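Everything on this sheet refers to the single structure shown next.
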Amino acid sequence: MHTVEPEIERPDSEVVEGFEGIPSSVASDVTGNVRFAMDSGIKPVYDGATLVGTAVTVKAEPGDNLIIHKAITMAEPGDVLVIDANGYVETAHLGELMCASCKANDLAGIIIDGAIRDSADIKEMEFPVYARGIHPQGPLKQSPGSINVTITCGKVSVDPGDIIVGDDDGITVVPGENAEKVLKDAREKFAAEGDTRELVEDGAYLYEAKGYNKLYEDMDVVGPEDSVQ
């Protein structure tokens with residue numbers, strides 16, 4: 001069944017903007033017991049890309065981009081298109097012209113579990129794109145799809161309205177309903193890491209500064225002093 005939902009519930013813009021400057025690693029660390037970082041196959045098309053925005057989700061048929069064109073017309077400034085193309089990388093689902101359209105309409109970026117093309121042009125325009133692969137072959141335009149439904153991208157479940165945080169390390173998905181708490185925790189962790197960095201730069205070991213030595217001491221580790229002579 002194919003579904004197109006025209007409206008989504010977006011988090012407060014101040015909450016979304018609050019994630020700017022927060023590393024994807026920190027956002028991942030504070031999302032809870034279940035981590036929401038996409039798998040390592042979803043990579044930025046160029047070094048130095050950063051991305052923060054609200055997810056507009058797309059379920060596309062592998063090798064077809066008709067529904068992606070429709071989604072671009074529905075997205076609002078600050079949105080990120082998050083596209084599930086089932087990991088298919090033998091056909092590009094989008095390229096320079098579609099990215100130029102997104103940039104002209106102030107979208108924050110694109111993430112696709114599939115392939116793109118025109119990577120050099122996308123890098124030159126400095127539009128944030130994350131993809132599983134790059135391929136020169138163009139897509140078909142003959143299949144329907146869905147917009148603003150729950151999808152899977154990078155082996156992570158993504159709902160419309162979730163907040164996307166991306167950088168050189170990859171992509172973290174912050175559930176929209178929990179975004180304010182995650183932002184608060186992320187800011188606190190980021191500040192604490194700054195304090196820890198000062199200790200490390202002064203010569204301290206994380207092993208002791210973070211209490212890992214106590215964890216180690218509780219493990220059943222046999223050292224030379226415990227060996228039978």
Side-chain angles (χ1 to χ4, degrees), residues 5 7-58 71-72 74-84 99 102-113 122-123 125-132 147-197:
E5 294 289 346
E7 300 293 334
I8 65 173
E9 185 175 346
R10 292 174 169 83
D12 188 279
S13 60
E14 292 185 0
V15 176
V16 179
E17 293 167 3
F19 281 94
E20 294 179 1
I22 299 292
S24 63
S25 56
V26 171
S28 174
D29 284 348
V30 299
T31 47
N33 292 331
V34 177
R35 300 245 174 132
F36 290 84
M38 292 189 183
D39 76 78
S40 59
I42 306 297
K43 301 180 183 297
V45 171
Y46 60 90
D47 292 340
T50 60
L51 174 62
V52 173
T54 304
V56 167
T57 59
V58 184
I72 291 173
M74 294 173 58
E76 297 183 1
D79 285 344
V80 178
L81 291 186
V82 185
I83 305 164
D84 175 7
C99 290
C102 289
K103 184 174 182 179
N105 287 282
D106 297 321
L107 273 64
I110 296 175
I111 304 164
I112 179 166
D113 201 333
I122 293 170
K123 176 181 179 180
M125 75 172 71
E126 296 185 338
F127 182 71
V129 176
Y130 292 71
R132 187 170 293 282
I147 300 173
N148 288 327
V149 297
T150 299
I151 63 168
T152 298
C153 185
K155 300 179 182 177
V156 172
S157 179
V158 186
D159 289 317
D162 286 348
I163 296 176
I164 307 299
V165 180
D167 52 28
D168 282 330
D169 287 348
I171 297 292
T172 293
V173 180
V174 177
E177 70 275 9
N178 201 30
E180 288 189 37
K181 181 180 185 305
V182 173
L183 177 58
K184 176 179 178 295
D185 293 345
R187 284 172 166 166
E188 291 176 355
K189 180 175 176 59
F190 193 40
E193 286 191 353
D195 295 337
T196 303
R197 185 177 300 106

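Remember, predicted model here, so these are calculated numbers, not experimental data.
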CD1 of Ile83 to CD1 of Ile110: how many Å apart, nearest 0.5 Å?
5.5 Å
Using the rule given for side-chain contact (heavy atoms from CB on, under 4.5 Å), can you reason through Arg132 versus Asp39, listing the C-alpha separation, both sets of side-chain angles and the distance that settles it, and then say yes or no?
CA-CA 10 Å; Arg132 187 170 293 282; Asp39 76 78; 2.6 Å; yes
Which atom of Gly78 lies closest to which atom of Ala108, heavy atoms considered
O-CB, 3.7 Å
Would you say the side chain of Pro11 lies within less than 4.5 Å of the side chain of Thr54, judging by non-hydrogen atoms?
yes
Heavy atoms, side chains only, cut-off 4.5 Å: are Ile111 and Leu81 in contact?
no
Got Val56 and Met74 here, is their nearest side-chain heavy-atom distance under 4.5 Å?
no
Check for a donor-acceptor pair, side chain of Asn148 on one end and backbone N or O of Glu5 on the other, with a separation under 3.5 Å.
yes
Can you tell whether the side chains of Asp185 and Lys181 come within less than 4.0 Å, N to carboxylate O?
yes
How far does CD1 of Ile151 sit from CG of Asp162, to the nearest 0.5 angstrom?
9.5 Å
Once rounded to the nearest 0.5 Å, what's the spacing between atom NZ of Lys123 and atom SG of Cys99?
15.0 Å
Does a side-chain heavy-atom distance below 4.5 Å link Thr150 with Ser157?
yes
Heavy-atom closest contact (Ala179 atom, Val15 atom, distance):
CB-CG1, 3.8 Å
Distance check, rounded to the nearest 0.5 Å: Thr31 atom OG1 versus Asn178 atom CG?
9.0 Å
Using every non-hydrogen atom in the two residues, find where Ala55 and Val158 come nearest and quote the distance to one decimal.
CB-CG1, 4.1 Å
Do any N or O atoms from the side chain of Asp79 and from the backbone of Leu107 form a donor-acceptor pair under 3.5 angstrom?
no
Value for CG (Asp169) from NZ (Lys43), rounded to nearest 0.5 Å, stands at 10.5 Å
Looking at Glu188, I'd like to know if its CD atom is crowded, meaning that more than 12 non-hydrogen atoms belonging to other residues, nucleotides or ligands lie closer than 6.0 Å.
yes
Are the side chains of Val52 and Ile164 in contact, using a 4.5 Å heavy-atom criterion?
no
What do you reckon, is CG of Asp12 surrounded by more than 12 foreign heavy atoms closer than 6.0 Å?
yes
Leu51 CG to Phe19 CZ distance, which is reported to the nearest 0.5 Å
13.0 Å
Distance-only, no hydrogens or angles: does the Ser28 side chain make a donor-acceptor pair with backbone N or O of Ser24 under 3.5 Å?
no
Counting N and O atoms only, with roles assigned by atom type, does the side chain of Tyr130 sit under 3.5 Å from a partner on the main chain of Asp167, one being a donor and the other an acceptor?
yes
Shortest non-hydrogen separation from Ala186 to Ile22 and the atoms involved:
CB-CG2, 3.9 Å
Do you know the tightest heavy-atom contact between Cys153 and Ile112?
SG-C, 4.4 Å
Expected output: side-chain Thr172 to main-chain Val165 donor-acceptor under 3.5 Å:
no
Starting from the C-alpha separation in whole Å, work towards a yes-or-no answer on salt bridge (charged side-chain N to carboxylate O under 4.0 Å, His left out) for Lys189 and Glu193.
CA-CA 6 Å; Lys189 180 175 176 59; Glu193 286 191 353; 3.5 Å; yes
Pair Phe127, Cys102 - check side-chain contact (heavy atoms from CB on, under 4.5 Å), show working.
CA-CA 9 Å; Phe127 182 71; Cys102 289; 3.5 Å; yes
Considering all heavy atoms, the nearest Val58-Ala71 contact:
CG2-CB, 3.5 Å
Taking only Lys NZ, Arg NE, NH1 and NH2, and the carboxylate oxygens of Asp or Glu, determine whether Glu126 and Lys103 approach each other closer than 4.0 Å.
no
